[in-house]
Structures are given as structure tokens and as C-alpha cells.
Amino acid sequence: MILDVRNLQVKYGNVKVLHGINLAVKPGEIVCVLGANGAGKSTTLNTICGLVRPSSGEILFDGKPIQRLTAFKIVEQKITQAPEGRRVFGTLTVQENLDLGAFTSKNRDRVQKSLKWIFELFPRLAERRSQLAGTLSGGEQQMLAIGRALMSNPRLLLLDEPSLGLAPVLARQIFKTIREINESGVTVILVEQNARIALKLAHRGYVMELGKIVMEDTASALLENPDVVQAYLGGAGA
Ligand code: ATP
């Protein structure tokens, strides 16, 4: 396992929102996390990347506990969460936003290589490298957010609703690119409201309800599971 989350509990103040999550990811997988609004999906990602502290439980990365490390140290360990598209730095250019993503890397060659790769994945960003990020379209900002995360050369990439607010054609493009990123060797955890497209892309999936994992299986089995079809895929025949 590259990531092993064991009995993770999180409280916001006195309110418990994660009630003992167990979730494991193998190297090279895309694992999706499905669930209704408020189920605790974003909290799970934010806890893995060190933005939220667990009240108990363990997060092992390559077998070593990381749940007490700072968010900065976790990026250094090669776990990176792509921010939401709207959280790029609007008054900086595309290039400057990407440069910021490489803040942990002192190896200029490595940074140049990442930049070249990101511009191949997202040619639109290459064309617009001098444009202020705040003037990009929603889809372009989402590409930039993913590109910025890739600049830290992650081994595990956390994506929280990368298709949010995108037109279907752009969403498909983002998902195709996520597959390419994964095929290049990056392990991915994907939180996504669009369950059908997420399950088609992922190898395995987890379903969360009210702060608990209620189901886990291969993505193909979940796509055919009647409860999943009913709750997350728009019912039979949809
Ligand atoms: P969505 O699909 O709507 O983004 P989610 O599954 O990602 O939902 P979370 O954002 O993790 O769910 O929220 C889980 C619960 O924790 C919700 O009830 C939410 O209101 C609560 N919550 C999230 N962040 C905080 C916070 N900073 N302080 C207090 N409660 C919070």
C-alpha cells in the first residue's frame, strides 16, 4: 500500500465528522471516493494532506505515519492536493502560479521537466502562460490548479471535484488528462460528484455516508451495484 488510512477520526470543535475511516490505496491506482454532500469526503482529503488534524487514527504513507506532519512536510513527502480551480492566485500569471507549485523543489532541471510535461498535458496553459490566472475561464483555472499540484512532482495526487462547474466537454478533457497523469505513474485519489465518470476512470472506489465508509469495491463492481446505481448513478436505466 502507498497509503493506508486506519480508523481515522476527525472533529470540528465538538462535532465528530469522521467516525473511523479505513481506506487504502495501492501504488498506481486511481481510487475514487463517492458520497452525498457533507459525507466527509473533503475532510478526508484535507486530513491526508495535513490541513486538518485527526483526533485519532493513523495515516501511513509508504508504511510511515504522517498524521502529525505539517502540510508543508507532507508535500515534501510527495503527497499534493490540487486546490479548487477558483483558488489559483488570480493576480499572478499562469507561469507564476506554476512556479509556486514547485516551492519544495530545488532541482531546476526537475522543475523544467515538470513544466514541459504540464504544458504537454494542458497545451491551453502553454498558450496562456503570461495571462493573469484570474482572467482564465473556469476550466482553464481547473487545469492550472492541477498543473500547479503536479509541479511538486507528487507520487500521490489528491483531487477534490476536478469537474465542478465545468461544461461536459471540458470535464471529459480533465478526466482524460487525469488518466494520462495516472498512466505516467502518479497514484490518484479522486473525490467526485459525477459518480459514473469517476467509476469509469477509477480502479476502485469507496462510498461514504455521514462520516463513515459504507462500501468499498472495484470500480466495475460498484458501477453495477444496485444500491450505488440507485443512490449515485441516477437509478436503474439512467
Ligand atoms: P461536499 O460534497 O458537499 O463537498 P463532503 O463530503 O466533502 O461534502 P465535508 O466538506 O468533508 O463533506 O464536510 C463534512 C461535514 O463536516 C459537514 O457536515 C460539514 O458541514 C462539516 N464541516 C466541514 N468543514 C468544517 C469546518 N471547518 N468547521 C465545522 N464543520 C465543518
Side-chain angles (χ1 to χ4, degrees), residues 3-25 30-59 66-72 74 79-88 138-139 141-142 145-146 149 156-168 170-171 174-175 178 187-202 204-217 219 222-223 225 227-235 238:
L3 187 81
D4 197 354
V5 174
R6 294 184 181 167
N7 198 21
L8 191 69
Q9 305 205 17
V10 170
K11 289 183 194 163
Y12 290 119
N14 288 326
V15 183
K16 206 187 246 191
V17 293
L18 294 189
H19 303 266
I21 298 290
N22 291 294
L23 181 153
V25 182
I30 300 179
V31 166
C32 70
V33 181
L34 309 177
N37 293 126
K41 306 177 299 292
S42 301
T43 300
T44 303
L45 292 192
N46 288 339
T47 311
I48 294 169
C49 72
L51 294 175
V52 170
R53 288 270 157 235
S55 51
S56 64
E58 264 195 320
I59 304 173
I66 59 164
Q67 71 274 5
R68 283 192 238 289
L69 300 183
T70 62
F72 179 82
I74 290 176
I79 301 178
T80 305
Q81 176 161 209
E84 261 182 59
R86 282 162 299 172
R87 296 211 342 241
V88 295
Q141 289 185 354
Q142 193 57 55
I146 297 173
L156 177 62
L157 178 65
L158 310 179
L159 295 171
D160 196 349
E161 303 204 22
S163 76
L164 192 70
L166 300 189
L170 259 184
I174 291 274
F175 285 114
I178 293 169
T187 305
V188 176
I189 304 181
L190 173 67
V191 163
E192 186 49 58
Q193 287 290 334
N194 189 335
R196 186 178 303 279
I197 208 164
L199 286 170
K200 284 192 174 152
L201 186 69
R204 287 191 306 117
Y206 289 82
V207 179
M208 284 185 79
E209 272 172 25
L210 301 172
K212 293 187 177 131
I213 302 280
V214 293
M215 234 185 278
E216 73 172 277
D217 212 330
L222 288 174
L223 267 172
N225 180 303
D227 293 337
V228 174
V229 170
Q230 186 63 35
Y232 300 102
L233 301 174

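First listed ligand is number 1; within each ligand, the first listed atom is number 1. Note that the structure is predicted; figures quoted are calculated from it, not measured.
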Test side-chain contact (heavy atoms from CB on, under 4.5 Å), reference Leu190, set Asp160, Leu159, Ile197, output is Leu159

Residue-ligand contact Gly40/ligand 1, heavy atom below 4.0 Å
yes

Any chance you could lay out the side chain to side chain contact (heavy atoms under 4.5 Å, CB included) test for Asp217 and Asn225, step after step, and finish with the verdict?
CA-CA 10 Å; Asp217 212 330; Asn225 180 303; 5.6 Å; no

Give the numbers and elements of all ligand 1 atoms closer than 4.0 Å to a heavy atom of Val17.
15 (C), 16 (O)

Taking Tyr206 for its side chain and Gly35 for its backbone only, find out whether a donor-acceptor pair lies under 3.5 Å.
no

Compute the minimum heavy-atom distance from Gly13 to ligand 1 and say whether it is under 4.0 Å.
no

For Ala36, the atoms of ligand 1 under 4.0 Å from one of its heavy atoms are 6 (O)

Close-contact set for ligand 1 against Ala39 heavy atoms, below 4.0 Å:
5 (P), 6 (O), 12 (O)

Ala219 backbone acceptor or donor facing Lys200 side chain under 3.5 Å:
no

Any idea which protein heavy atom is nearest atom 10 (O) of ligand 1, and the distance to it?
Ser42 CB, 3.7 Å

Tell me: protein heavy atom nearest atom 2 (O) of ligand 1, and distance?
Lys41 NZ, 2.8 Å

Look at the side chain of Arg87 and the backbone N and O of Ala145, then say whether any donor-acceptor pair between them is shorter than 3.5 Å.
no

Atom 31 (C) of ligand 1: closest protein heavy atom, distance to 0.1 Å, is Tyr12 CD1, 3.1 Å

Looking at ligand 1, does Met208 have a heavy atom less than 4.0 Å from it?
no

Quick check: closest heavy atoms across Leu222 and Met215, and the distance to 0.1 Å?
CD2-SD, 3.9 Å

Counting only heavy atoms on the protein side, is anything nearer than 4.0 Å to atom 20 (O) of ligand 1?
no

For Ile79 and Ile66 the tightest heavy-atom approach is CD1-CD1, 3.6 Å

Could you tell me which atoms of ligand 1, counted from 1 in the order shown, lie closer than 4.0 angstrom to a heavy atom of Gln193?
2 (O)

The one among Thr44, Leu18, Thr43, Val10 that brings a heavy atom closest to atom 11 (O) of ligand 1
Thr43

Of all the heavy-atom pairs spanning Arg53 and Gln67, show the shortest one and how long it is.
NH1-O, 2.7 Å

Can you tell me the protein heavy atom closest to atom 14 (C) of ligand 1 and the distance?
Gly38 O, 3.4 Å

Subset of ligand 1 atoms that lie under 4.0 Å from at least one heavy atom of Asn37
1 (P), 2 (O), 3 (O), 8 (O)

Donor-acceptor contact present, side-chain Arg196 to main-chain Leu233, <3.5 Å:
yes

